[in-house]
2 protein chains.
Amino acid sequence: MTVTQRTNRVPQEERTRAMRARLLEACVEVLAERGWAGTSTTVVSQRAGVSRGAQLHHFPSKSDLVVAAVEHLTQARRAELSAAVAALGEGRSTGAVLRMLADLFTGPVFTAALELWVAARADDALREVVAPFERHLGRETHKLAVELLGADESRPGVRELVQATLDLVRGLGLAATLGDDTARRARILDQWALTLDAALDAAPATPAAPAPTPDLQES
Amino acid sequence: MTVTQRTNRVPQEERTRAMRARLLEACVEVLAERGWAGTSTTVVSQRAGVSRGAQLHHFPSKSDLVVAAVEHLTQARRAELSAAVAALGEGRSTGAVLRMLADLFTGPVFTAALELWVAARADDALREVVAPFERHLGRETHKLAVELLGADESRPGVRELVQATLDLVRGLGLAATLGDDTARRARILDQWALTLDAALDAAPATPAAPAPTPDLQES
DNA sequence: CCACAAACAGTCAAGCCTGTCTTTTTCTCC
DNA sequence: GGAGAAAAAGACAGGCTTGACTGTTTGTGG
């Protein structure tokens, strides 16, 4: 640890980390602003204020950059989620939790993730990278939602209702990308909160007759 | 009607229509298979079996092609919806309706629409075209869902529940693009069918206390 | 049958994107 | 301080995409 030099007080390992972070940050921003098709390496390097040469030094190919950006973005989403939970405090009404989730799924960070998500569908290599991260984060989010909503997953159907809630906010987030949905979304969430509350702590959602129609291919 | 010529039995107006249709069809297919970023005019013309010259004759710019494809795709979605409703027949259990909707929002036609949807977010011109069509189709789908579910929209909250259902299947459709969700989706839908039934025809979803938390910015 | 226009075919240039390469600067260790 | 490596900068080539442009075929009306 006895560092001899006094001219450079910043070890360049630190600077390297910072430059990589700037590039990843810029990549996410560009993704959110211009979409996947508009995210060229040139634009990202310009946005990051990094020369193209330096960029290609740290990320030899675009794939390397994107893969790292996926990881970075996942971390960002995790952090955002934690922050939002902390901001919730203790007044965790169902409505407040739902609004929090919906806010998360309407912000620029989700938007960037959405772009990657959709792009990954047609790109095998990208999908291999995105899918695992999304699975992990999805599980974490689910766990957190269960906790925040005070749901008892041992009851039949409760787990599915929480999943449905998360898929709903995903759908709402998607709908919000075209045009401003805020008012409509708020109404839907309010109603969903009522229904969810009733379904969660009232009856165990009619344990009898799990599948009324027998025409189902999947097991 | 007294057509004098006997050599050409197909008026080229018909052929023009057919060629345009082939191009639009190909555009939608490519959109679903390769995504927005992979949809180049060259690929579309090849896919349609149409020379690039002919393509540029019918659609002078890529924008012209895409705009027409949006319209075409909307029509296709409408047709698919009608067909699915017809296939449902009279046995319209809530579960069956939900499965039908989810199938629609998991198929290639929806996928193509999803690509356009997401691409439109970062492209002002495209958004201006996509948004109105989506609004119209959205309203039609909502109306149809209300009818199929036998929902009484005069009751408070019912409208929002139907909207939530559609947003939910949108979210499920999005989730299905990465990896195969079929089993999970089926479970979620089954549970939601139960909950929705209970919420729709049981109580009017607690008409008192519409918003338990007063900390709401939006009106 | 001819003239004219629409439909069709394909080439070409300009621009962008990616990734390789060379050169220059900066850091680090001896 | 100097040698060597890592980092940074930027030029360059190859490929792809778009749309303009020219030439060719086909259909239609006189």
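Only this structure's heavy atoms are used, side chains among them; waters, hydrogens and symmetry mates stay out.
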Can you identify which nucleotide, out of dA9(D), dG19(C), dC8(C), has its nearest atom closest to the Ala54(A) side chain?
dA9(D)
Using modelled atom types and a 3.5 Å cut-off, is there a donor and acceptor pairing between side-chain atoms of Arg121(B) and backbone atoms of Ala32(A)?
yes
Run the salt-bridge test on Glu134(B) and Arg77(B) with the 4.0 Å N-O cut-off and return the result as yes or no.
yes
When the distance from CZ of Arg17(B) to P of dA6(C) is rounded to whole Å, what number comes out?
18 Å
Expected list for residues 55-70 of chain A near DNA chain C, using heavy atoms below 4.0 Å, is Leu56(A), Ser61(A), Lys62(A)
Take atom CZ of Arg52(A) and atom P of dT18(C), then tell me their distance rounded to the nearest Å.
7 Å
Distance check needed: dA9(C) C1' versus Gln46(B) CD, whole Å only.
14 Å
Are Phe110(A) and Val169(A) side-chain neighbours, meaning at least one heavy-atom pair lies under 4.5 Å?
no
Near DNA chain D, counting only heavy atoms under 4.0 Å, which residues of residues 19-45 of chain A show up?
Met19(A)
Distance-only side-chain donor-acceptor flag, His72(B) / Glu25(B), under 3.5 Å:
yes
Short N-O contact, Asp190(B) and Arg187(B), less than 4.0 angstrom:
no
Side chains of Asp103(A) and Thr106(A): donor-acceptor distance under 3.5 Å anywhere?
no
Among Glu147(B), Gln163(B), Glu153(B), which residue satisfies the side-chain hydrogen bond (donor to acceptor under 3.5 Å, both in side chains) criterion with His142(B)?
Glu153(B)
Take a 6.0 Å sphere around CZ of Arg34(A) and say whether it holds more than 12 heavy atoms from other residues, nucleotides or ligands.
no
